[in-house]
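To start, the structure under review is shown below, and the notes come after it.
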Amino acid sequence: MRTRAAGRRVRRGGAGAAVAAAVAAGIAGAGGFAAAAGPAGPAAGVGDPRTGLAELGTVWQEARAAARAALAEPRLGPVAEWRGIGPYRLLTALPPESVHDPVAGALLSPAHRELARTAEVYLDCAGQAGRTASELGVHRQTLYYRLNRVEQLTGLDLDDGEDRLLLHMALKRARL
C-alpha cells in the first residue's frame, strides 16, 4: 500500500511501519511538530517497511533517526526516509555523549563557525577546491588559507583520507 507524505510517495509495509511513520513526526512525544522543528521547519522520518508489530521498535528507531537527520541536514527534506539518510544512519546510532569529537572541538566554537562551514563544504565537495570555492563564494586562495587554518586548529592533515573522514563525520555528528 502507498500513501503520500509531504508530496512524496511512501510505501507502507504493514501495520508497524505505518504506525511508526505516522508517529515519527512528533519526535519528542506529545510535543508534536513544534518539538521537532529546526531552522528549516518541522521534520518527520520514515523507517523501512516491515510486517507485524513485533518490529515496531526497530521501525520507530529508524524513523526517529531519519527525522533527526532531516533536522540536521535540510536537503534531506521535511520527510526523510531511513534508507536515504546516508552516513546519518551510523551517526544517529552513536551515544549522545559522543556528540563532540575532541579533534573538531576548536572548529565548533562560535569564533570558528566559518572555518567549520568551509571544512564541511570542502569535504562534501570531495576535496575539489574549485567547486568548494564556488559554493562558498570565495576566491580559491581564501579557501586554501581557511583549510590551512583548519589543519592548524585540528592537527589533522586534510591530504590523509582517514583524517578527512574523521573530520567530516565529526562535523556532521555535531549538527545532530
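Index from 1, following the sequence.
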Problem - Side-chain heavy atoms of V150 within contact of T118, under 4.5 Å - result: no
Practice task
Check for a donor-acceptor pair, side chain of R175 on one end and backbone N or O of A72 on the other, with a separation under 3.5 Å.
Solution key: yes
Handout entry: Partner residues of Q128 under the side chain to side chain contact (heavy atoms under 4.5 Å, CB included) criterion, sequence neighbours left out
Key = R131
Handout entry: Side-chain ion pair, E62 and R89, N-O less than 4.0 Å
Key = no
Exercise for the section: Answer yes if L90 and L171 sit in the same cluster of Ile, Leu, Val, Met, Phe, Trp and Tyr residues linked by side chain heavy atoms under 4.5 Å apart, and no otherwise. Expected result: no
Exercise for the section: Drop me the distance from T132's OG1 to E120's CD, to the nearest 0.5 angstrom. Expected result: 11.5 Å
Practice task
For the pair T92 (side chain) and Y88 (backbone), establish whether a donor and an acceptor sit closer than 3.5 Å, ignoring hydrogens and angles.
Solution key: yes
Handout entry: E81 side chain to A66 backbone, donor-acceptor under 3.5 Å
Key = no
Exercise for the section: State, with a plain yes or no, whether a side-chain heavy atom of R146 is found less than 4.5 Å away from one of R149. Expected result: no
Practice task
Could you tell me whether E114 and R117 have a side-chain N and a carboxylate O separated by less than 4.0 Å?
Solution key: yes
Problem - Sidechain N-carboxylate O distance under 4.0 Å for K172, D124 - result: yes
Handout entry: 4.5 Å side-chain heavy-atom contact, R173 and P87
Key = no
Problem - Main-chain N/O of L108 paired to R113 side chain as donor or acceptor, under 3.5 Å - result: no
Practice task
Before giving the answer on side chain to side chain contact (heavy atoms under 4.5 Å, CB included), spell out for L147 and Y122 the whole-Å C-alpha distance, their side-chain angles and the decisive distance to 0.1 Å.
Solution key: CA-CA 9 Å; L147 293 175; Y122 174 74; 3.6 Å; yes
Handout entry: Partner set under side chain to side chain contact (heavy atoms under 4.5 Å, CB included) for L165, not counting sequence neighbours
Key = M169
Completion exercise
Distance col, row H112:NE2 vs L153:CG, nearest 0.5 angstrom, shows 4.5 Å
Problem - Minimal non-hydrogen separation, A67 against A43, with atom names - result: O-CB, 3.9 Å
Exercise for the section: Could you grab the distance from atom CG of L115 to atom OG of S109, nearest 0.5 Å is fine? Expected result: 8.5 Å
Practice task
Please name all residues satisfying side chain to side chain contact (heavy atoms under 4.5 Å, CB included) with A129, sequence neighbours left out, ordered by chain then number.
Solution key: R140, L143, Y144
Problem - Atom pair CZ (R64) and CH2 (W82), whose distance is rounded to the nearest 0.5 Å - result: 12.5 Å
Problem - Minimum heavy-atom distance between G77 and A70, given as atom pair plus value - result: O-CB, 3.3 Å
Exercise for the section: Decide yes or no on side chain to side chain contact (heavy atoms under 4.5 Å, CB included) for V59 and D48, but give the supporting numbers first. Expected result: CA-CA 6 Å; V59 176; D48 277 347; over 6 Å; no
Practice task
Indicate, with yes or no, if L167 and Y145 share a hydrophobic cluster defined by side-chain heavy-atom contacts under 4.5 Å among Ile, Leu, Val, Met, Phe, Trp and Tyr.
Solution key: no
Practice task
Evaluate the criterion side chain to side chain contact (heavy atoms under 4.5 Å, CB included) for residue pair D163 and L158; output intermediate values, then yes/no.
Solution key: CA-CA 6 Å; D163 282 358; L158 294 179; 5.7 Å; no
